[in-house]
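Just passing along the structure, written as structure tokens.
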Amino acid sequence: MAIKNFGQPQLVDQIIALDDERKRLQLAFDTTQAQVNAASKEIGQHMAKGDKAAAESLKAQVADWKQSLEPLKLSLAQSEKQLQETLVLLPNLPTAEVPAGKTPEDNVVVREGGEKPVLANGAKPHWELTQIHGLIDFELGNKITGSGFPVYTGKGAKLQRALVQYFLEFNTAAGYTEYLPPFMVNADSAYATGQLPDKEGQMYHATADDFYLIPTAEVPVTNIYRDTILKEADLPLKMTAYSPCFRREAGSYGKDVRGLNRLHQFEKVEIIQIVHPDQSAATLLDMVAHVEALVKSLELPYRILRLCGGDMGFAAAITYDFEVFSAAQERWLEVSSVSNFESFQTHRMKCRFKGADGKTQLAHSLNGSSLALPRILAALLENHQTPTGIRIPAALQPYFGSDTIGA
RNA sequence: GGUGAGGUGGAUGAGUGGCUGAAAUCAGUAGUUUGCUAAACUGCCGUACGGGUUAAACUGUACCGCGGGUUCGAAUCCCGCCCUCACCGCCA
């Protein structure tokens, strides 16, 4: 809790007290209810024998019990509700490897890779490059929707498509099964993966139907396995999905939002795994290596951070962030976040598996971006710009159909 | 949007007031048997939250789409909602 810089440690004591109270009430309720059930059965037997008097006197007794049951039922329901409401306020517990800290400055750089390019004089930030080469029309997006909803045009649109295609192929080649999920989810799904109640207000909410626009494919894809009991042999489940992502980003307007750096709608390819608890730590490293290989193949300078407790998401037990260096802006841009949620999401989702001993236990879930497109595009444009155009990395050329953009 | 049918355990599918947490079949699982592939037979085989135990055994409650109601007693009757399917209308 302290590592996560979580401000309300008293919640834990509250929960324990609430749970004790709940148990007390349930025991009281169950015992009385058991008496009622037994008596009801007896009444049936008396009726069958035609012993009306005995039946009637029992009925009176049952009516009595039921009266005392009413208030118990109410307080039990209230107690359960209260416990539930308090429980969902609790973030996941960080693992032992997570550094303590409050801000991004406390994150630990695990390693760096790739080479920062030396840009020629006159190198431009991506928001100028996209204009010069006619790749994105931000103004048009303003007109159609609002800020943060860019319109990709011509080669820009094609490059987006090429990136999505490449990422999906890269993931399926590594054994991930491709999904194309719904882009809106119901509240149950949003609770299960931890967006609700924590991120209420950050998601677009279609109130007429009470649907939420997904902030990431993680939400619909992980929820595929909500309320399921898997077989141990089914694990690990490896899934990948492309989706647009919608984020309100309320309160984050400012200097960092220029161009592609922060959008309300962006494209992303996600990888998700549901694994045996014994495997999740190793799986996390696998996924990090997988994303690293992907970033490398785009010939971008990158670094991998282990997030400190305070910078991690609500649901994560441990998170590695990938940042690529955006050469003209001279800043690092987060392009992927790979996390192990352990049993946090699966607990909310009731995603379990039946082990060899026949007992059901919670699986572990993990996910990561592979990758978030707009910032990758920004870095690609800025790092691979030449006086005459944009160089397309070799890995991407088969999907883009060309090795350069521009003259 | 209109009309009709329907939502039962992993699947198919019985079940119209008490003997039903729920038949049967399939799948799954443990075992027996037949010299392999395969088949036959037998047992087991829902979940959650409690009590209990070192752990079990054992035991209570709830759950047959969701929420209410009627009744001593509801999968079964009544009301509301959601969803699915079919046909019609509209439409990419």
Side-chain angles (χ1 to χ4, degrees), chain A residues 14-88 90 144 180-192 196 205-213 220 223-235 237 243-244 274 276 343-363:
Chain A
Q14 254 180 53
I15 286 168
I16 293 169
L18 281 169
D19 192 45
D20 286 343
E21 174 69 0
R22 196 205 92 243
K23 283 186 202 169
R24 211 203 84 226
L25 288 167
Q26 187 183 335
L27 185 58
F29 178 84
D30 282 359
T31 344
T32 312
Q33 184 62 247
Q35 289 177 311
V36 170
N37 288 349
S40 291
K41 199 165 259 184
E42 238 182 284
I43 290 172
Q45 284 157 3
H46 285 312
M47 300 285 263
K49 277 186 269 176
D51 189 350
K52 275 226 167 118
E56 285 307 320
S57 87
L58 258 179
K59 273 194 201 184
Q61 171 71 74
V62 167
D64 234 37
W65 280 329
K66 285 189 73 174
Q67 209 147 48
S68 70
L69 229 36
E70 257 335 285
L72 264 179
K73 190 174 160 187
L74 283 176
S75 32
L76 181 60
Q78 204 181 10
S79 173
E80 274 168 353
K81 190 174 159 221
Q82 218 178 350
L83 179 63
Q84 192 53 37
E85 282 171 356
T86 315
L87 227 34
V88 295
L90 219 52
I144 298 170
L180 184 62
F183 300 153
M184 291 198 248
V185 295
N186 57 32
D188 283 348
S189 293
Y191 268 101
L196 288 179
H205 187 189
T207 52
D209 297 289
D210 199 19
F211 293 151
Y212 292 87
L213 273 74
N223 270 282
I224 290 171
Y225 291 99
R226 172 151 54 88
D227 282 319
T228 48
I229 299 180
L230 299 155
K231 283 174 247 159
E232 188 166 348
D234 294 337
L235 304 175
L237 293 159
S243 85
I274 292 177
H276 191 288
S343 61
F344 184 88
Q345 294 182 328
T346 50
H347 182 251
R348 291 176 174 221
M349 280 203 298
K350 300 191 182 71
C351 173
R352 295 144 294 174
F353 70 95
K354 198 163 281 208
D357 56 358
K359 286 192 177 164
T360 58
Q361 54 176 310
L362 294 170

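For clarity, every value in this text was computed on a predicted model and none was experimentally measured. So you know, we letter chains A, B, ... as the sequences are listed, proteins then strands, and number each from 1.
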Practice item. Would you mind pulling out the nucleotide paired to B:rU53, Watson-Crick or G-U wobble, both distances under 3.5 Å? Key: none

Practice item. List the atom of A:Leu90, the atom of A:Arg348, and the distance in Å for their closest heavy-atom pair. Key: O-NH2, 4.1 Å

Practice item. If the plane angle is over 60° it's perpendicular, under 30° parallel, otherwise tilted; pick one for A:His276 and A:Phe353. Key: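 Plane angle between 30° and 60°, so tilted.
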
Check your understanding: What nucleotide among B:rG73, B:rA48, B:rU61 has an atom nearest to a side-chain atom of A:Ser40?
Key ->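 Closest of the options to the side chain of A:Ser40: B:rG73.
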
Point to revise | Value in whole Å for how far the P atom of B:rC72 lies from CD of A:Glu42 | key: 16 Å

Review point. When you check the phosphate oxygens OP1 and OP2 of B:rU47, does a side-chain N or O of A:Lys354 lie under 4.0 Å from one of them?
Key: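 Affirmative; the distance criterion is met.
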
Check your understanding: Of all the choices, B:rG60, B:rA62, B:rA48, which nucleotide is nearest to the side chain of A:Gln33 once you look at every atom?
Key -> B:rA62

Review point. Do any of residues 17-32 of chain A sit with a heavy atom less than 4.0 Å from RNA chain B, and if so which?
Key: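 Nucleic-acid contacts, sorted: A:Arg22, A:Lys23, A:Gln26, A:Asp30.
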
Point to revise | Toward the 5' end of RNA chain B, by each residue's nearest nucleotide, A:Lys41 or A:Ile229 | key: A:Lys41

**Study point:** Nearest-Å distance for atom pair CD/P, residues A:Glu232 and B:rG28
**Key:**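 It works out to 18 Å between those atoms.
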
Practice item. Could you let me know what B:rG1 is paired to, Watson-Crick or G-U wobble, both distances under 3.5 Å, or none if it's on its own? Key: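 Pair assignment: B:rG1 / B:rC88.
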
Revision key, fill the gap. B:rG7 -> Watson-Crick or G-U wobble partner, both distances under 3.5 Å, gives B:rC82

Exercise for review: Taking all heavy atoms of A:Ile15 and all of A:Leu83, pick out the closest pair and write down the distance.
Suggested key: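 Between these two residues, the closest heavy atoms are O-CD1, 3.7 Å.
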
Practice item. For nucleotides B:rU59 and B:rA22, find the distance between their P atoms and express it as a whole number of Å. Key: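 Between the two P atoms, the distance is 13 Å.
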
Check your understanding: B:rA11 P sits how many Å from A:Lys231 NZ, rounded?
Key -> 12 Å

Check your understanding: Paired with B:rC63 by Watson-Crick or G-U wobble geometry, both distances under 3.5 Å: which nucleotide is it?
Key -> B:rG46

Review point. Mind checking the P distance from B:rG21 to B:rU42? Whole angstroms is fine.
Key: 26 Å

Exercise for review: Describe the nucleic acid contact of A:Thr228 in one word from base, sugar-phosphate, nothing, applying a heavy-atom distance below 4.0 Å.
Suggested key: nothing

**Study point:** For atom CD of A:Gln45 and atom P of B:rC72, their distance in whole Å
**Key:** 18 Å

Check your understanding: Could you give the CZ-to-C1' distance, from A:Arg352 to B:rG10, as a whole number of Å?
Key ->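 Whole-Å distance recorded here is 13 Å.
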
**Study point:** B:rC19: pairing nucleotide in any strand, Watson-Crick or G-U under 3.5 angstrom
**Key:**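 With both distances under 3.5 Å required, B:rC19 matches none.
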
Exercise for review: Could you please name the option among B:rA48, B:rC72, B:rU61 that lies closest to any side-chain atom of A:Ala34?
Suggested key: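 Output: B:rU61.
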
Check your understanding: With a non-hydrogen cut-off below 4.0 angstrom, is A:Leu58 in contact with a base, only sugar-phosphate, or nothing?
Key -> nothing

Practice item. Between B:rA62 and B:rG73, how far apart are the P atoms? Round to whole Å, please. Key: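 Here B:rG73 and B:rA62 have their P atoms 12 Å from each other.
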
Check your understanding: Distance between the C1' atoms of B:rA40 and B:rU53, in whole angstroms?
Key ->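 B:rA40 and B:rU53 have their C1' atoms separated by 41 Å.
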
Point to revise | Nearest-angstrom distance, P atom, B:rG80 to B:rG89 | key: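 Roughly 29 Å separates the two P atoms.
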
Point to revise | Closest approach of A:Ala187 to A:Leu196 (non-hydrogen atoms, all atoms of both residues) | key: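 Scanning both residues completely, I find the closest heavy atoms to be O-CD1, 4.0 Å.
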
Point to revise | Whole-Å distance separating the NZ atom of A:Lys73 from the P atom of B:rG67 | key: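 It works out to 11 Å between those atoms.
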
**Study point:** Stepwise side-chain hydrogen bond (donor to acceptor under 3.5 Å, both in side chains) test for A:Asn186 and A:Ser189
**Key:** CA-CA 6 Å; A:Asn186 57 32; A:Ser189 293; 3.2 Å; yes

Practice item. Could you pull out the closest heavy-atom pair between A:Pro220 and A:Val185, with the gap in Å? Key: CB-CG1, 4.0 Å

**Study point:** Distance, C1' atom - from B:rU47 to B:rC64, rounded to whole angstrom
**Key:** 13 Å

Review point. Would you say B:rC72 has OP1 or OP2 under 4.0 Å from some side-chain N or O of A:Asn37?
Key: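 False: A:Asn37 side-chain N/O out of range (4.0 Å or more) of B:rC72 OP1/OP2.
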
Practice item. Would you name the heavy atoms of A:Leu235 and A:Ile274 that are closest together and state the gap between them? Key: CD2-O, 3.6 Å

Review point. Considering the options A:Gln26, A:Lys81, A:Glu21, which one meets the side-chain contact (heavy atoms from CB on, under 4.5 Å) requirement together with A:Leu76?
Key: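 Between A:Leu76 and the candidates, side-chain contact (heavy atoms from CB on, under 4.5 Å) is satisfied uniquely by A:Gln26.
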
Review point. Once you round it to whole Å, what is the distance between C1' of B:rC72 and CD of A:Gln35?
Key: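 Interatomic distance, CD of A:Gln35 to C1' of B:rC72: 14 Å.
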
Check your understanding: For atom P, what is the distance between B:rU25 and B:rC19, given to the nearest Å?
Key -> 22 Å

**Study point:** Heavy-atom closest pair, residues A:Ser68 and A:Thr32
**Key:** OG-CG2, 4.1 Å

**Study point:** Separation of B:rG10 C1' from A:Asp227 CG (nearest whole Å)
**Key:** 14 Å

**Study point:** Pairing nucleotide - B:rC36, Watson-Crick or G-U, each distance under 3.5 Å
**Key:** none

Review point. Roughly how far apart, to the nearest Å, are B:rC49 and B:rU16 at atom P?
Key: 33 Å

